[in-house]
Amino acid sequence: MASELADVQLLLRHTPKPGSKSIAFARDSDDLKNEPIFLPRKEIEIHDTGRKEAGLPIITVTMPEWLAVDRELV
C-alpha cells in the first residue's frame, strides 16, 4: 500500500551539513523564536521555491503524511 504524501512550505533554518541525518526547519518567520522542527533526511524531499522570508529560503518539503501530522505541520 502506497503512503500518502504531504507538501508543506517551510523555512530552512540552517544549511544542512553533509552526512547530517536531519534538517532544521521553521513554519514561518514568527516560528523562528521556537525550537527548530527537525525532519529526517531519509523521509523527505526538498525543493527550493526561489523565495525568501526573513532572509531564509522557503522550501517545499514533501514527506509522508504521518510525519507531517506527527510534527503538527498539517
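The structure displayed is predicted, hence computed values, not measured ones. Values below: all heavy atoms of this structure, side chains included; hydrogens, waters and symmetry mates excluded.
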Visitor: Heavy atoms only: give me the nearest Lys33-Asp30 pair and the separation to one decimal.
Guide: NZ-O, 2.9 Å
Visitor: Below 4.5 Å, heavy atoms only, C-beta onward: do Leu67 and Ile44 meet side chain to side chain?
Guide: yes
Visitor: As an exercise, state the distance from CD1 of Ile23 to CD1 of Ile37, rounded to the nearest 0.5 Å.
Guide: 13.0 Å
Visitor: Supply the atom-to-atom distance Leu10 CG to Leu73 CG, rounded to the nearest 0.5 angstrom.
Guide: 5.5 Å
Visitor: Using only atom types and a distance under 3.5 Å, with no angle test, would you say the side chain of Glu65 pairs donor to acceptor with the backbone of Leu5?
Guide: no
Visitor: Kindly give the heavy-atom pair with the smallest separation between Ala24 and His14, and that separation in Å.
Guide: CB-CD2, 3.7 Å
Visitor: Taking C-beta and beyond as the side chain, do Leu39 and Phe25 meet within less than 4.5 Å on heavy atoms?
Guide: yes
Visitor: If we ignore angles and hydrogens, is there a donor and acceptor under 3.5 Å between the side chains of Asp7 and Thr62?
Guide: yes
Visitor: In Å, rounded to the nearest 0.5 Å, how long is the span from OG of Ser20 to CZ of Arg41?
Guide: 4.0 Å
Visitor: Between the side chain of Thr49 and the main-chain N/O of Ile59, is any donor-acceptor distance below 3.5 Å?
Guide: no
Visitor: What distance do Glu53 atom CD and Ile58 atom CD1 have between them, rounded to the nearest 0.5 Å?
Guide: 5.5 Å
Visitor: For Thr15, what residues pass the side-chain contact (heavy atoms from CB on, under 4.5 Å) criterion, not counting sequence neighbours?
Guide: none
Visitor: Run the numbers on Lys42 and Lys21 for side chain to side chain contact (heavy atoms under 4.5 Å, CB included), then give the verdict.
Guide: CA-CA 8 Å; Lys42 67 180 184 177; Lys21 293 183 180 184; over 6 Å; no
Visitor: Is a donor on one side and an acceptor on the other found under 3.5 Å between the side chain of Arg13 and the backbone of Leu32?
Guide: yes
Visitor: Side chains of Glu45 and Met63: closer than 4.5 Å at any heavy-atom pair?
Guide: no
Visitor: Once salt bridge (charged side-chain N to carboxylate O under 4.0 Å, His left out) is applied, do any residues pair with Arg71, and if so which ones, sequence neighbours excluded?
Guide: none
Visitor: Using side-chain heavy atoms (C-beta onward) and a distance below 4.5 Å, is Thr60 in contact with Val8?
Guide: no
